[in-house]
Amino acid sequence: MDLAPEELQFLSLPDILRESIAIPRRSPKTFYFITLTLIFPLSFAILAHSLFTHPILAQLEDHPSADPAQTRHQWTLLLIYQFCYLIFLFAFSLLSTAAVVFTVASLYTSKPVSFTSTIAAIPRVFKRLFITFLWVSLLMLVYNAILIILLVIFVIAVDSQNAFLVIFSFVVIMVLFLGVHVYITAWWHLASVVSVLEPIYGFSAMKKSYELLKGRVKMACILVFCYLAICAVINGIFGQVVVHGGEYFGVFQRIVVGGFLVGVLVIVNLVGLLVQIVFYYVCKSYHHQGIDKLALQDHLGGYLGEYVPLKSSIQMENLDV
């Protein structure tokens, strides 16, 4: 990001993508290790978990056991797999975000960057991201509760053959799923960056990211929708070829396709994390909020246990351009 801060607000979607892809070139070794140790396991788990759960689900659906004890055992095994997967997904998602955001911010402030320093900063960064994630989870619970209520209304409308109620419920559900879900995801991603780069986290980070999104909601939703769509296509192909394609594809073909799709998802996840950070700077520039690089450098040093001045402001609000 060699552009002047006041010029970042004019970046288009292709420009943001181009700037994001160029960032790893400034410290290829660091990003290589981050990708290998954090983003690759995350991407592999996202795709490969269905390889473990699919046989159990197939057994329960197609060949239900007459023995209740065996059925309980299979359900218990499935729940254990799902629980471990969600914990792993949650942990490595936050770890990857912490590592990438810290590294890019260090490059932005010309602070020395290494994989060792990034790993050393992660424990303190992780705590802030975790608290922000809890607030997002609370918001998602409310969203899912509303969605479930609307689904119940939709089912009742179908049973009662009320055409108006069916259409109304369907439209509201689609708006909630496509619009609100995408917006909340964009809100969460931006709040995660705020939690790392600014001296706030949790509800305060959510509030700040909400303000930053104003005027850039459309751009944020397009970025998130494209990311989710690409991930959905990758998951769909993986499921059809690798998980369910045993009758049509050989073992070698499935391994090659699976490996290729994991590699593609690794790239997508890395670029997605980089885009989050560039988009944060775009929003700051759009609202004429400059960033004091020296203060940001001190803030990042605090994650490493370095001395941090008591009075330091990372952001200079309402900077005249």
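Every heavy atom of this structure was used, including side-chain atoms; hydrogens, water molecules and symmetry mates were not. Residues take their numbers from the sequence shown, with the count starting at 1.
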Practice task
Apply side chain to side chain contact (heavy atoms under 4.5 Å, CB included) to Phe33 and list each qualifying residue two or more places apart in sequence or on a separate chain.
Solution key: Lys29, Phe115
Handout entry: Sidechain-backbone polar pair: His189 side chain, Ala186 backbone, donor-acceptor under 3.5 Å
Key = no
Exercise for the section: Measure from the side-chain N and O atoms of Arg26 to the backbone N and O of Leu107, and report whether any donor-acceptor pair falls under 3.5 Å. Expected result: yes
Exercise for the section: Measure the CD1-CH2 distance between Ile80 and Trp75 for me, rounded to the nearest 0.5 Å. Expected result: 13.5 Å
Handout entry: Under-4.0 Å salt bridge between Glu198 and Arg128
Key = no
Exercise for the section: Under the ring-ring contact (aromatic ring centres under 6.0 Å, His included) rule, collect the residues that match up with Tyr32, sequence neighbours excluded. Expected result: none
Exercise for the section: Please identify each residue that fulfils side chain to side chain donor-acceptor pair (under 3.5 Å) with Ser50, with sequence neighbours left out. Expected result: none
Handout entry: Contacts of type side chain to side chain contact (heavy atoms under 4.5 Å, CB included), residue Ala48, not counting sequence neighbours
Key = Phe44, Leu51
Exercise for the section: Sequence neighbours left out, what passes ring-ring contact (aromatic ring centres under 6.0 Å, His included) with Tyr210? Give chain and number order. Expected result: Trp187
Exercise for the section: Would you please name every residue forming a side chain to side chain contact (heavy atoms under 4.5 Å, CB included) with Pro112, sequence neighbours left out? Expected result: none
Review item, side-chain donor-acceptor pairs of residues 233-240, under 3.5 Å, at least two apart:
{"from": "Asn235", "atom 1": "ND2", "to": "Cys231", "atom 2": "O", "distance (Å)": "2.9"}

Practice task
For residues 257-268, pull every pair meeting salt bridge (Lys or Arg N to Asp or Glu O under 4.0 Å), keeping only residues two or more places apart or in separate chains.
Solution key: none
Exercise for the section: Could you tell me whether the side chain of Leu274 reaches within less than 4.5 Å of the side chain of Phe31, counting heavy atoms only? Expected result: yes
Sequence neighbours left out, cut at 3.5 Å: what donor-acceptor pairs do the side chains of residues 171-185 make with other protein atoms?
{"from": "Thr185", "atom 1": "OG1", "to": "His181", "atom 2": "O", "distance (Å)": "2.8"}

Handout entry: Residues forming a side chain to side chain contact (heavy atoms under 4.5 Å, CB included) with Ile131, sequence neighbours excluded
Key = Lys127, Trp135, Tyr201
Completion exercise
Nearest heavy-atom approach of Leu13 to Met219 is CD2-CG, 3.3 Å
Problem - Short side-chain to backbone donor-acceptor contact, Gln9 and Val282, under 3.5 Å - result: no
Problem - Pairs satisfying salt bridge (Lys or Arg N to Asp or Glu O under 4.0 Å), at least one member in residues 210-221, at least two apart - result: Glu211-Lys214
Return all side-chain donor-acceptor pairs below 3.5 angstrom for residues 93-106, not counting sequence neighbours, or 'none' if the list is empty.
{"from": "Ser96", "atom 1": "OG", "to": "Phe92", "atom 2": "O", "distance (Å)": "2.7"}
{"from": "Thr97", "atom 1": "OG1", "to": "Ser93", "atom 2": "O", "distance (Å)": "2.9"}
{"from": "Thr103", "atom 1": "OG1", "to": "Ala99", "atom 2": "O", "distance (Å)": "2.7"}
{"from": "Thr103", "atom 1": "OG1", "to": "Thr118", "atom 2": "OG1", "distance (Å)": "3.0"}
{"from": "Ser106", "atom 1": "OG", "to": "Phe102", "atom 2": "O", "distance (Å)": "2.9"}

Handout entry: Centroid-centroid distance, Tyr248 to His244, less than 6.0 Å
Key = no
Exercise for the section: Please name the residue in the list Ser195, Ser209, Ser204 that meets the side-chain hydrogen bond (donor to acceptor under 3.5 Å, both in side chains) test with Thr132. Expected result: Ser195
Problem - Aromatic ring pairing Phe126/Phe90, orientation class (parallel under 30°, perpendicular over 60°, tilted between) - result: perpendicular
Handout entry: His299/Leu197 under side-chain contact (heavy atoms from CB on, under 4.5 Å): CA gap, chis, key distance, verdict
Key = CA-CA 8 Å; His299 178 71; Leu197 301 187; 5.6 Å; no
